[in-house]
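Note that the numbering runs from 1 along the sequence shown for the chain.
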Amino acid sequence: MPSTTFRADAVLFDMDGTLTDSIAAVEAAWGAVAVDLGLDPETVIAATHGKRAVDNLAFYRPEIELHKMDAAVEAFERSILDFADSFQKRAERRRSSGESSAGFSARAGSDSGESTPALSDTSASSRSGSLSTPSLPSSSSNDSTSGARRPSFATRLSGMLASALPEASNAPVFDEPPESNYTAHDTQKEKPVEADIEAAWETEADVVDRSIRILPGVKDMIECIPDGRYAVATSGAKTYAYGAMTRVGITPPPVTITADDKRLKAGKPAPDPFLLAASCLGFDAKNCVVFEDSPSGIRAGVASGATVIAVCTSHERAKIEGCGAHFVVEDMRSVRCVVEGAGTGMRLVFTVEH
């Protein structure tokens with residue numbers, strides 16, 4: 001296999017989809033927002049990936065007032081962690097209480113966010129999600145060895161709902177009801193469909209593992225890089241970013257740039273997060289390596305002037321090859337890093353198999 005070797009001063013990592021796999025929980029959280037708004041979950045999930053929650057919420061929930069946005073973002077990102085954690089909590093409760101998995105549909109409603117999200121017109125920031133599965137490994141400090149991407153939330157939920165609805169119904173699952181001639185009588189007709197959506201949501205919550213995992217090659221890569229020579233620049237805010245990394249055994253580095261950092265003027269695809277991270281490390285971004293997985297993040301890395309290595313851990317290769325990355329690899333196992341020299345003369349030598 002051909003390879004390319006080059007040198008750099010430091011590494012700037014994206015987080016979700018690059019270091020950690022919490023895509024399933026993130027998709028569930030945005031899918032919940034979509035269902036609340038009567039939008040297509042697949043469309044909303046695709047549009048929000050790799051972008052800051054504050055930007056996405058401002059677009060999809062324009063009614064959120066500016067002075068309330070920080071709280072809305074924190075609540076939304078806590079819901080991501082709840083989606084990631086709660087199946088295991090459900091399983092533990094079932095084991096301790098003797099409840100059967102098939103029959104469980106109670107709403108915990110606790111501050112821990114273990115309840116299944118309500119499908120209503122409530123604000124996305126009020127949700128406390130819940131999902132994850134015992135058959136797959138939960139978060140740990142070991143790399144995930146699965147090469148397959150987990151099926152999307154919207155695909156599974158739509159499939160469950162389609163099978164639950166009467167065969168005669170051809171209406172789009174997530175379309176809003178027509179505004180004209182909509183009466184109280186019509187509302188009564190809609191209730192069975194809402195019940196089917198609720199039942200599908202409950203089934204989804206009980207059988208899907210959304211636990212956060214460390215991605216292949218990440219642990220070895222981080223261990224190769226000296227302290228002070230790498231940073232994280234993520235579109236997640238601090239609650240979610242620190243929560244996700246600590247769940248898989250990654251200690252957030254001293255330079256961790258999150259979406260709620262007030263020094264940022266713009267998020268990805270603008271280069272600001274990477275430029276700020278490089279500056280905080282004391283290096284020029286042009287002499288750094290960026291690891292990214294999303295189209296918007298790849299474009300941000302390219303705009304920063306860094307050498308960009310794109311990993312195909314959340315998107316198919318065809319969807320990220322045209323974003324300008326210098327290298328496209330399956331995951332970090334295709335990249336090796338060794339340290340050359342010491343002190344101010346230290347360089348990181350990368351070899352990329354492609």
Original post:
Sequence neighbours excluded, which residues qualify as side chain to side chain contact (heavy atoms under 4.5 Å, CB included) partners of Thr351?
Top reply: Ser3, Thr5, Arg336

Subject >> N/O donor-acceptor pair under 3.5 Å between Arg7 side chain and Phe350 backbone >> reply: no

Original post:
If you take all heavy atoms of Ser79 and Ala29, which pair is closest and at what distance?
Top reply: OG-CB, 3.9 Å

Original post:
How long is the span from the CG atom in Asp85 to the CZ atom in Arg78, to the nearest 0.5 Å?
Top reply: 11.5 Å

Original post:
Counting only N and O atoms by type, is there a donor-acceptor contact under 3.5 Å from the side chain of Arg247 to the main-chain atoms of Gly243?
Top reply: yes

Original post:
With side chains defined as the heavy atoms from C-beta onward, is the minimum distance between Met332 and Leu19 less than 4.5 Å?
Top reply: yes

Original post:
With sequence neighbours left out, which residue pairs that include part of residues 299-310 fulfil the salt bridge (charged side-chain N to carboxylate O under 4.0 Å, His left out) condition?
Top reply: none

Original post:
Do Lys286 and Cys288 come within less than 4.5 Å of each other through their side chains, counting heavy atoms only?
Top reply: no

Subject >> Value rounded to 0.5 Å, distance of CE in Met15 from OG1 in Thr234 >> reply: 4.5 Å

Subject >> Validation row: Leu215, Thr20 side chains within 4.5 angstrom (heavy atoms) >> reply: no

Original post:
What is the minimum heavy-atom distance between Pro41 and Ala34, and which atoms define it?
Top reply: CA-CB, 3.6 Å

Subject >> Which atom of Asn56 lies closest to which atom of Trp30, heavy atoms considered >> reply: CB-CH2, 3.3 Å

Original post:
Is Tyr242 reachable from Ile80 through a run of hydrophobic residues whose side-chain heavy atoms are each under 4.5 Å from the next?
Top reply: no

Original post:
Does the side chain to side chain donor-acceptor pair (under 3.5 Å) test come out yes or no for Thr4 and His354, once each step is laid out?
Top reply: CA-CA 8 Å; Thr4 300; His354 53 89; 2.6 Å; yes

Original post:
What's the spacing between Cys323 SG and His315 NE2 if we round to 0.5 Å?
Top reply: 8.5 Å

**OP:** Output, in order, the C-alpha distance, side-chain angles, deciding distance and verdict of side chain to side chain contact (heavy atoms under 4.5 Å, CB included) for Val54 and Asp260.
**Re:** CA-CA 8 Å; Val54 63; Asp260 47 356; over 6 Å; no

Original post:
Other than Leu275, which residues form its hydrophobic cluster under the rule that side-chain heavy atoms must be closer than 4.5 Å?
Top reply: none

**OP:** Quick one: do Ile23 and Arg210 satisfy side chain to side chain contact (heavy atoms under 4.5 Å, CB included)? Show the steps, please.
**Re:** CA-CA 8 Å; Ile23 297 296; Arg210 300 190 186 283; over 6 Å; no

Original post:
So do Met346 and Glu340 actually touch side chain to side chain, heavy atoms under 4.5 Å?
Top reply: no

Original post:
Should side-chain heavy atoms under 4.5 Å link Ile, Leu, Val, Met, Phe, Trp and Tyr, which residues sit in the same cluster as Phe274?
Top reply: Leu12, Val255, Ile257, Leu264, Leu276, Leu281, Phe283, Val290, Ile298, Val302, Val308, Ile320, Val328

Original post:
Between Val329 and Glu353, which heavy-atom pair has the shortest distance, and what is it?
Top reply: CG1-O, 3.7 Å

**OP:** Applying side chain to side chain contact (heavy atoms under 4.5 Å, CB included), run through Arg229 and Val11 and close with a yes or a no.
**Re:** CA-CA 6 Å; Arg229 291 288 181 143; Val11 182; over 6 Å; no

Original post:
Ignoring hydrogens and geometry, is there a side-chain-to-backbone donor-acceptor pair from Ser304 to Pro271 under 3.5 Å?
Top reply: no

Original post:
Can we say Asp209 and Arg213 salt-bridge, meaning some charged N sits less than 4.0 Å from an Asp/Glu carboxylate O?
Top reply: yes

**OP:** Please examine the side chains of Asp272 and Arg263, heavy atoms only from C-beta on, and report whether any two atoms are closer than 4.5 Å.
**Re:** no

Original post:
Looking only at atom types and distance, does a side-chain atom of Asp82 sit under 3.5 Å from a main-chain N or O of Ala84, one as donor and one as acceptor?
Top reply: no

Original post:
Is Asp70 salt-bridged to Lys262, cutoff N-O under 4.0 Å?
Top reply: yes

Original post:
Angle class for the Phe13/Phe291 ring planes (parallel below 30°, perpendicular above 60°, tilted otherwise)?
Top reply: parallel

Original post:
Can you check whether Leu348 reaches Val289 side chain to side chain, under 4.5 Å on heavy atoms?
Top reply: no

Original post:
Measuring from Ser294:OG to Asp16:CG, what's the distance to the nearest 0.5 Å?
Top reply: 9.5 Å

Original post:
Measuring from Ile64:CD1 to Met69:CE, what's the distance to the nearest 0.5 Å?
Top reply: 4.5 Å

Subject >> Side chain proximity check, Met221 to Val335, heavy atoms < 4.5 angstrom >> reply: yes

**OP:** Describe, in one word, how the ring planes of Phe6 and Phe327 are oriented to each other, choosing from parallel (under 30°), tilted (30 to 60°) and perpendicular (over 60°).
**Re:** parallel

Original post:
Do any N or O atoms from the side chain of Ser22 and from the backbone of Ala25 form a donor-acceptor pair under 3.5 angstrom?
Top reply: no

Original post:
Any salt bridge between Lys319 and Glu316, counting N to O under 4.0 Å?
Top reply: no

Subject >> Asp261/Lys238 salt bridge by N-O under 4.0 Å criterion >> reply: no

Original post:
Considering all heavy atoms of both residues, which atom of Asp36 and which atom of Arg61 are nearest to each other, and what is their separation?
Top reply: CB-NH1, 4.4 Å

Subject >> Validation row: Thr246, Thr251 side chains within 4.5 angstrom (heavy atoms) >> reply: no

**OP:** Identify the two heavy atoms, one from Asp331 and one from Thr313, that lie closest to each other, and give their separation to 0.1 Å.
**Re:** CB-CG2, 4.0 Å

Subject >> Intermediate values then yes/no, side chain to side chain contact (heavy atoms under 4.5 Å, CB included), Val44 and Asp40 >> reply: CA-CA 6 Å; Val44 173; Asp40 172 42; over 6 Å; no

Subject >> Pairwise distance SG(Cys224) to OH(Tyr230) - rounded to 0.5 angstrom >> reply: 11.5 Å

**OP:** Would you please name every residue forming a side chain to side chain donor-acceptor pair (under 3.5 Å) with Asp284, sequence neighbours left out?
**Re:** none

Original post:
Other hydrophobic cluster members with Val349, side-chain heavy atoms of Ile/Leu/Val/Met/Phe/Trp/Tyr under 4.5 Å, chained?
Top reply: Val338

